[in-house]
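Written below as structure tokens is the structure these notes are about.
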Amino acid sequence: ETVFSHYLHTYHVASPGRAAIGMNVTSGSASSATNRWTTSDTCGIVVGTGTTAVAPTDYQLATRIVDGITSGTLEYFPCGGTNFTTSGVTASFDVERLFRNSSGGSVTINEAGIYCAWSDTNENSAQFCIIRDLVSPGFAVANGEYMRVIYTISVSA
């Protein structure tokens with residue numbers, strides 16, 4: 001006898017405005033769903049202070065800046081996709097995120113990337129970096145300033 005299980009995979013993104021929770025991944029059978037929460041600084045566009053050269057084996061930023069309002073942190077606003085376009089055999093869209101510095105001092109950005117979340121039906125989950133870029137020269141975000149990071153993703157057939 002073959003038994004088929006129906007597994008649920010639900011992804012929720014934070015609503016507009018600042019939120020400590022970035023995404024909820026619900027996984028498991030209909031009778032025993034498990035919620036896994038990822039914070040706003042572990043999914044979507046993230047920034048860091050690291051200056052290590054980019055390598056094909058990178059799976060995280062060298063020194064990720066965490067979400068917060070204390071020294072050395074930035075407030076992470078929700079990440080979203082915009083400007084979906086197609087032209088011939090090429091499709092593209094923008095991924096963007098707004099950050100605010102409420103740390104009381106300047107924060108220097110030297111790297112940026114995109115993290116995604118993954119989960120399976122065996123209660124495993126992880127967040128990992130799929131894009132990592134150096135920002136050179138680095139730039140300082142003064143206390144009270146906002147910063148917007150935009151990645152344009154393009155795919156051609």
Side-chain angles (χ1 to χ4, degrees), residues 7-28 30 33-52 54 58-87 90-121 123-156:
Y7 284 88
L8 306 173
H9 294 280
T10 307
Y11 301 93
H12 301 280
V13 182
S15 60
R18 186 167 179 276
I21 299 301
M23 185 173 70
N24 168 29
V25 180
T26 303
S27 180
T34 301
N35 288 321
R36 295 177 189 88
W37 296 96
T38 60
T39 59
S40 57
D41 58 2
T42 60
C43 274
I45 295 175
V46 295
V47 293
T49 60
T51 58
T52 305
V54 175
D58 287 345
Y59 60 92
Q60 63 185 8
L61 295 189
T63 311
R64 185 170 39 90
I65 298 170
V66 297
D67 179 36
I69 57 171
T70 59
S71 180
T73 65
L74 292 172
E75 293 182 83
Y76 281 63
F77 286 81
C79 196
T82 61
N83 299 324
F84 297 93
T85 61
T86 57
S87 177
T90 301
S92 67
F93 63 96
D94 292 340
V95 179
E96 66 179 87
R97 172 169 263 164
L98 186 65
F99 301 84
R100 178 175 50 206
N101 183 353
S102 298
S103 70
S106 182
V107 176
T108 299
I109 308 301
N110 292 313
E111 60 182 336
I114 297 179
Y115 275 59
C116 67
W118 163 85
S119 72
D120 67 15
T121 56
E123 308 299 324
N124 300 305
S125 65
Q127 298 83 39
F128 53 93
C129 188
I130 59 171
I131 296 174
R132 177 174 178 256
D133 293 305
L134 286 182
V135 177
S136 183
F139 67 94
V141 181
N143 186 54
E145 287 186 339
Y146 287 82
M147 172 185 70
R148 183 171 72 169
V149 177
I150 301 172
Y151 272 94
T152 299
I153 310 297
S154 181
V155 181
S156 295

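The first residue of the sequence shown is numbered 1, and numbering continues consecutively from there.
Residues A91 and T86 come closest through the heavy atom pair CB-CG2, 3.8 Å. Taking both residues in full, the closest heavy atoms of L74 and I65 are given as N-CG2, 3.7 Å, listed atom of the first, atom of the second, then distance. Residues C116 and I130 share a closest heavy-atom pair of SG-CG2, 3.6 Å. Between N83 and D94, the shortest heavy-atom contact is ND2-OD2, 2.7 Å. Between G50 and N110, the shortest heavy-atom contact is O-CB, 3.2 Å. In terms of heavy-atom proximity, G72 sits nearest to S103 at N-CB, 3.9 Å.
With hydrogens and angles disregarded, no donor-acceptor distance shorter than 3.5 Å links the side chain of E111 to the backbone of G48. Proximity of a side-chain donor or acceptor of R97 to a complementary backbone N or O of F77 within less than 3.5 Å is detected. Counting only distance, with no hydrogens or angles, the side chain of E145 and the backbone of N101 share no donor-acceptor pair below 3.5 Å.
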**Request:** Any chance you could lay out the side chain to side chain contact (heavy atoms under 4.5 Å, CB included) test for R132 and T52, step after step, and finish with the verdict?
**Result:** CA-CA 11 Å; R132 177 174 178 256; T52 305; 4.0 Å; yes
**Request:** Mind running side chain to side chain contact (heavy atoms under 4.5 Å, CB included) on E75 and D67 for me, showing each step along the way?
**Result:** CA-CA 5 Å; E75 293 182 83; D67 179 36; 4.2 Å; yes
**Message:** I'd like to know whether V149 forms a side chain to side chain contact (heavy atoms under 4.5 Å, CB included) with I109, so could you lay out the CA-CA distance, the side-chain angles of the two residues, the decisive distance to 0.1 Å, and finally the verdict.
**Reply:** CA-CA 11 Å; V149 177; I109 308 301; over 6 Å; no
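Taken from CD1 in I45 to CD1 in I150, the straight-line distance is 8.0 Å, to the nearest 0.5 Å. Annotation: the span from L98 atom CG to C79 atom SG amounts to 10.5 Å, rounded to 0.5 Å. The distance from the SG atom of C129 to the OH atom of Y59 is 11.0 Å, given to the nearest 0.5 Å. The distance from atom OH of Y151 to atom CZ of F93, rounded to the nearest 0.5 Å, is 13.0 Å. Atoms CZ and OG1, from R64 and T73 in turn, are 12.5 Å apart once rounded to the nearest 0.5 Å. Taken from CD1 in I131 to CG in D58, the straight-line distance is 12.5 Å, to the nearest 0.5 Å.
Using cut-offs of 30° and 60° for the angle between ring planes, the Y76 and F99 rings count as perpendicular.
Environment of CZ in F128: crowded, with over 12 heavy atoms of neighbouring residues, nucleotides or ligands closer than 6.0 Å.
Counting only heavy atoms from C-beta outward, the side chains of V47 and V135 never approach each other to under 4.5 Å.
Applying the side-chain contact (heavy atoms from CB on, under 4.5 Å) rule to S154 yields the partners T90, S92; only residues at least two apart in sequence or on another chain are considered.
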